[in-house]
A.B. asks: 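Mind looking over this structure? Questions follow.
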Amino acid sequence: MIEGIARERPGERVELWFMDEARIGQKGRLTHVWYQKGVRPRGVRQQGFSSAHLFGAVCPERGEGVALVLPEVSTAAMSTFLAELARAVPAGTHAALVLDGAGWHVSDELSVPANLTLIHPPPYSPELNPVERVWEYLRDRWLSHRVLAGGYEAVVGAACAAWNALLAEPGRLRSLTSFPWLPPAVSTS
(Lines give C-alpha, C1' and ligand atoms only; values in the text may rest on other atoms or scores of the structure.)
Protein backbone atom coordinates (compact mmCIF):
# COMPACT_ATOMS: atom_id res chain seq x y z
CA MET A 1 0.00 0.00 0.00
CA ILE A 2 2.46 2.66 1.16
CA GLU A 3 5.16 1.32 -1.21
CA GLY A 4 2.77 1.71 -4.16
CA ILE A 5 2.12 5.34 -3.26
CA ALA A 6 5.88 5.90 -2.93
CA ARG A 7 6.47 4.46 -6.44
CA GLU A 8 3.93 6.95 -7.81
CA ARG A 9 5.74 9.82 -6.08
CA PRO A 10 9.49 9.47 -6.70
CA GLY A 11 11.68 11.74 -4.63
CA GLU A 12 9.05 12.25 -1.92
CA ARG A 13 8.91 10.72 1.53
CA VAL A 14 5.57 8.94 2.10
CA GLU A 15 4.36 8.65 5.68
CA LEU A 16 1.27 7.05 7.17
CA TRP A 17 -1.38 9.17 8.91
CA PHE A 18 -4.67 8.08 10.52
CA MET A 19 -7.82 10.21 10.78
CA ASP A 20 -11.25 10.11 12.40
CA GLU A 21 -13.84 12.33 14.06
CA ALA A 22 -15.18 12.28 17.60
CA ARG A 23 -18.34 13.98 18.85
CA ILE A 24 -17.66 15.88 22.05
CA GLY A 25 -20.12 17.18 24.63
CA GLN A 26 -23.39 15.42 23.98
CA LYS A 27 -24.30 13.17 26.88
CA GLY A 28 -20.68 12.34 27.70
CA ARG A 29 -20.00 8.78 28.81
CA LEU A 30 -18.90 7.64 32.25
CA THR A 31 -15.48 6.10 32.70
CA HIS A 32 -13.82 3.91 35.28
CA VAL A 33 -11.74 5.62 37.96
CA TRP A 34 -9.63 4.37 40.84
CA TYR A 35 -11.31 5.03 44.15
CA GLN A 36 -11.44 3.85 47.75
CA LYS A 37 -12.30 0.14 48.00
CA GLY A 38 -15.93 -0.56 48.87
CA VAL A 39 -17.12 2.98 48.07
CA ARG A 40 -18.76 4.17 44.86
CA PRO A 41 -17.64 7.67 43.88
CA ARG A 42 -20.28 10.14 42.77
CA GLY A 43 -19.76 11.65 39.36
CA VAL A 44 -21.42 14.24 37.18
CA ARG A 45 -22.63 13.61 33.66
CA GLN A 46 -23.41 16.00 30.84
CA GLN A 47 -27.16 16.16 30.22
CA GLY A 48 -27.23 18.91 27.62
CA PHE A 49 -27.33 18.49 23.88
CA SER A 50 -24.61 20.91 22.74
CA SER A 51 -21.90 19.11 20.83
CA ALA A 52 -19.03 19.69 18.44
CA HIS A 53 -16.94 17.37 16.29
CA LEU A 54 -13.22 16.97 16.82
CA PHE A 55 -11.59 16.09 13.49
CA GLY A 56 -8.15 14.67 14.23
CA ALA A 57 -5.28 13.02 12.39
CA VAL A 58 -2.09 11.51 13.79
CA CYS A 59 1.22 10.36 12.38
CA PRO A 60 2.34 7.57 14.74
CA GLU A 61 5.89 7.46 13.40
CA ARG A 62 6.61 11.11 14.19
CA GLY A 63 4.17 11.46 17.09
CA GLU A 64 2.51 14.44 15.39
CA GLY A 65 -1.16 15.37 15.35
CA VAL A 66 -3.50 17.88 13.73
CA ALA A 67 -7.05 18.64 14.85
CA LEU A 68 -9.91 21.01 14.18
CA VAL A 69 -13.11 21.43 16.18
CA LEU A 70 -16.01 21.93 13.78
CA PRO A 71 -19.77 22.29 14.31
CA GLU A 72 -20.77 19.44 11.96
CA VAL A 73 -19.56 16.48 9.97
CA SER A 74 -19.99 17.14 6.26
CA THR A 75 -18.06 17.14 3.02
CA ALA A 76 -17.33 20.86 3.46
CA ALA A 77 -16.03 20.31 7.01
CA MET A 78 -13.90 17.40 5.83
CA SER A 79 -12.44 19.49 2.99
CA THR A 80 -11.56 22.21 5.52
CA PHE A 81 -9.83 19.65 7.74
CA LEU A 82 -7.90 18.10 4.83
CA ALA A 83 -6.63 21.56 3.84
CA GLU A 84 -5.41 22.11 7.41
CA LEU A 85 -3.75 18.69 7.49
CA ALA A 86 -2.05 19.33 4.13
CA ARG A 87 -0.44 22.46 5.60
CA ALA A 88 0.94 20.38 8.51
CA VAL A 89 2.60 17.76 6.29
CA PRO A 90 6.29 18.71 5.89
CA ALA A 91 7.57 19.87 2.50
CA GLY A 92 8.79 16.98 0.34
CA THR A 93 6.47 14.58 2.16
CA HIS A 94 3.28 12.92 0.99
CA ALA A 95 0.73 11.67 3.54
CA ALA A 96 -1.10 8.37 3.07
CA LEU A 97 -4.20 9.09 5.15
CA VAL A 98 -6.14 6.09 6.49
CA LEU A 99 -9.78 6.89 7.29
CA ASP A 100 -13.09 5.06 7.40
CA GLY A 101 -15.71 5.06 4.65
CA ALA A 102 -18.05 7.68 6.11
CA GLY A 103 -20.08 9.51 3.47
CA TRP A 104 -18.13 12.75 3.83
CA HIS A 105 -14.84 10.81 3.45
CA VAL A 106 -15.78 9.30 0.08
CA SER A 107 -17.87 12.09 -1.45
CA ASP A 108 -17.11 13.06 -5.06
CA GLU A 109 -17.26 16.69 -3.93
CA LEU A 110 -14.45 16.23 -1.38
CA SER A 111 -11.45 18.46 -2.07
CA VAL A 112 -8.28 16.40 -1.48
CA PRO A 113 -4.99 18.35 -1.49
CA ALA A 114 -2.21 17.09 -3.78
CA ASN A 115 0.05 15.99 -0.89
CA LEU A 116 -2.57 13.59 0.54
CA THR A 117 -3.78 10.18 -0.62
CA LEU A 118 -6.88 8.76 1.07
CA ILE A 119 -6.90 5.06 2.00
CA HIS A 120 -10.07 3.34 3.20
CA PRO A 121 -9.66 0.14 5.28
CA PRO A 122 -12.34 -2.57 5.29
CA PRO A 123 -15.72 -1.58 6.78
CA TYR A 124 -16.34 -2.28 10.47
CA SER A 125 -12.66 -2.33 11.41
CA PRO A 126 -12.10 0.57 13.85
CA GLU A 127 -9.42 -1.46 15.65
CA LEU A 128 -7.19 -0.82 12.61
CA ASN A 129 -7.29 2.94 13.22
CA PRO A 130 -4.92 4.01 16.02
CA VAL A 131 -6.66 7.39 16.38
CA GLU A 132 -9.54 5.55 18.12
CA ARG A 133 -7.18 5.13 21.10
CA VAL A 134 -6.61 8.89 21.11
CA TRP A 135 -10.36 9.52 21.50
CA GLU A 136 -10.53 7.04 24.38
CA TYR A 137 -7.57 8.71 26.06
CA LEU A 138 -9.05 12.22 25.67
CA ARG A 139 -12.39 11.10 27.09
CA ASP A 140 -10.84 9.22 29.99
CA ARG A 141 -8.49 12.05 31.00
CA TRP A 142 -10.21 15.33 30.15
CA LEU A 143 -13.71 14.97 28.75
CA SER A 144 -15.57 12.61 31.11
CA HIS A 145 -17.08 13.28 34.53
CA ARG A 146 -17.75 16.92 33.85
CA VAL A 147 -20.54 19.21 32.82
CA LEU A 148 -19.77 21.60 30.00
CA ALA A 149 -22.01 24.47 31.06
CA GLY A 150 -22.07 27.31 28.58
CA GLY A 151 -23.34 25.58 25.46
CA TYR A 152 -21.43 25.14 22.24
CA GLU A 153 -18.58 27.51 23.19
CA ALA A 154 -17.88 25.47 26.35
CA VAL A 155 -17.81 22.25 24.32
CA VAL A 156 -15.38 23.76 21.79
CA GLY A 157 -13.20 25.07 24.62
CA ALA A 158 -13.11 21.68 26.34
CA ALA A 159 -12.27 19.86 23.09
CA CYS A 160 -9.46 22.32 22.29
CA ALA A 161 -8.08 22.15 25.83
CA ALA A 162 -8.10 18.34 25.77
CA TRP A 163 -6.29 18.16 22.40
CA ASN A 164 -3.72 20.75 23.45
CA ALA A 165 -3.12 18.94 26.75
CA LEU A 166 -2.52 15.73 24.80
CA LEU A 167 0.00 17.42 22.50
CA ALA A 168 1.75 18.95 25.53
CA GLU A 169 2.62 15.46 26.83
CA PRO A 170 5.93 14.52 25.16
CA GLY A 171 5.71 11.15 23.41
CA ARG A 172 2.07 10.53 24.31
CA LEU A 173 0.71 10.47 20.75
CA ARG A 174 3.43 8.06 19.69
CA SER A 175 2.77 5.75 22.65
CA LEU A 176 -0.97 5.71 21.97
CA THR A 177 -0.80 5.18 18.21
CA SER A 178 2.37 3.24 17.39
CA PHE A 179 1.06 -0.23 16.66
CA PRO A 180 3.81 -2.80 16.01
CA TRP A 181 2.37 -3.76 12.59
CA LEU A 182 2.46 -0.23 11.15
CA PRO A 183 4.90 0.20 8.24
CA PRO A 184 7.53 2.93 8.47
CA ALA A 185 7.67 5.91 6.10
CA VAL A 186 9.03 5.13 2.64
CA SER A 187 11.29 7.25 0.43
CA THR A 188 12.14 6.56 -3.21
CA SER A 189 14.68 8.19 -5.46
A.B. asks: Taking it one step at a time, do E84 and R87 satisfy salt bridge (Lys or Arg N to Asp or Glu O under 4.0 Å)?
C.D. replies: CA-CA 5 Å; E84 185 68 24; R87 284 191 286 281; 2.8 Å; yes
A.B. asks: Can you tell me how far CG of L176 sits from CZ of R174, rounded to the nearest 0.5 angstrom?
C.D. replies: 12.0 Å
A.B. asks: Are any non-hydrogen side-chain atoms of R62 and P90 less than 4.5 angstrom apart?
C.D. replies: yes
A.B. asks: Verify, without hydrogens or angle tests, whether S79 (side chain) and S111 (backbone) share a donor-acceptor contact under 3.5 angstrom.
C.D. replies: yes
A.B. asks: Output all residues satisfying side chain to side chain donor-acceptor pair (under 3.5 Å) with H94, sequence neighbours left out; order by chain, then residue number.
C.D. replies: R9, T117
A.B. asks: Does any non-hydrogen side-chain atom of N129 lie less than 4.5 Å from one of P121?
C.D. replies: no
A.B. asks: In Å and rounded to the nearest 0.5 Å, what is the CG to CH2 distance from D20 to W135?
C.D. replies: 6.5 Å
A.B. asks: Taking H53 for the side chain and I24 for the main chain, is one N or O donor matched with an acceptor at less than 3.5 Å?
C.D. replies: no
A.B. asks: State plainly whether one hydrophobic cluster holds both L118 and L68, where clusters connect Ile, Leu, Val, Met, Phe, Trp and Tyr through side-chain heavy atoms under 4.5 angstrom apart.
C.D. replies: yes
A.B. asks: Kindly give the heavy-atom pair with the smallest separation between N115 and T93, and that separation in Å.
C.D. replies: CB-O, 4.0 Å
A.B. asks: Where do V14 and A6 come nearest, in terms of heavy atoms and distance?
C.D. replies: CG2-CA, 3.7 Å
A.B. asks: Only pairs at least two apart or in different chains count here, so list each side chain to side chain donor-acceptor pair (under 3.5 Å) that has a residue in residues 96-105.
C.D. replies: E21-W104, E21-H105, D100-H105
A.B. asks: Can you tell me how far OG of S178 sits from CG of L173, rounded to the nearest 0.5 angstrom?
C.D. replies: 9.0 Å
A.B. asks: Classify the ring geometry between Y137 and W142 as parallel (under 30°), tilted (30 to 60°) or perpendicular (over 60°).
C.D. replies: perpendicular
A.B. asks: Let me know which of E15, M19, H120 forms a side chain to side chain contact (heavy atoms under 4.5 Å, CB included) with L97.
C.D. replies: M19
A.B. asks: Do V134 and F55 sit in the same hydrophobic cluster, where Ile, Leu, Val, Met, Phe, Trp and Tyr count as joined when their side-chain heavy atoms come under 4.5 Å apart?
C.D. replies: no
A.B. asks: What is the minimum heavy-atom distance between A96 and I5, and which atoms define it?
C.D. replies: CB-CD1, 3.8 Å
A.B. asks: Is L85 linked to M78 within one hydrophobic cluster, defined over Ile, Leu, Val, Met, Phe, Trp and Tyr using a side-chain heavy-atom separation of less than 4.5 Å?
C.D. replies: yes
A.B. asks: CZ of F18 to CD1 of I119: how many Å apart, nearest 0.5 Å?
C.D. replies: 8.5 Å
A.B. asks: Any link between V112 and L70 through a network of hydrophobic side chains (Ile, Leu, Val, Met, Phe, Trp, Tyr) touching at under 4.5 Å?
C.D. replies: yes
A.B. asks: Looking at A95 and W17, what are the two nearest heavy atoms and their distance?
C.D. replies: CB-CD1, 3.5 Å
A.B. asks: Looking only at non-hydrogen atoms, find the nearest pair between P183 and L16 and report the distance.
C.D. replies: CD-CD2, 3.7 Å
A.B. asks: Are V69 and W163 packed together at the side-chain level, in the sense that at least one heavy-atom pair is separated by less than 4.5 angstrom?
C.D. replies: no
A.B. asks: Nearest 0.5 Å, what's the CZ-OG distance between R133 and S175?
C.D. replies: 7.5 Å
A.B. asks: Answer yes or no: is there a side-chain heavy-atom contact under 4.5 Å between V89 and P113?
C.D. replies: no
A.B. asks: Are L138 and V156 in one and the same hydrophobic cluster, where Ile, Leu, Val, Met, Phe, Trp and Tyr link if side-chain heavy atoms are under 4.5 Å apart?
C.D. replies: yes
A.B. asks: As a quick check of understanding, evaluate side chain to side chain contact (heavy atoms under 4.5 Å, CB included) for V66 and F81, giving each step before the final call.
C.D. replies: CA-CA 9 Å; V66 174; F81 175 75; 4.2 Å; yes
A.B. asks: Measure the CD-OG1 distance between E64 and T177 for me, rounded to the nearest 0.5 Å.
C.D. replies: 10.5 Å
A.B. asks: Listed by chain and number, what are the side chain to side chain donor-acceptor pair (under 3.5 Å) partners of E72, not counting sequence neighbours?
C.D. replies: S74
A.B. asks: Evaluate salt bridge (Lys or Arg N to Asp or Glu O under 4.0 Å) for R141 paired with E169, printing each intermediate quantity in order.
C.D. replies: CA-CA 12 Å; R141 301 300 184 284; E169 294 183 34; over 6 Å; no
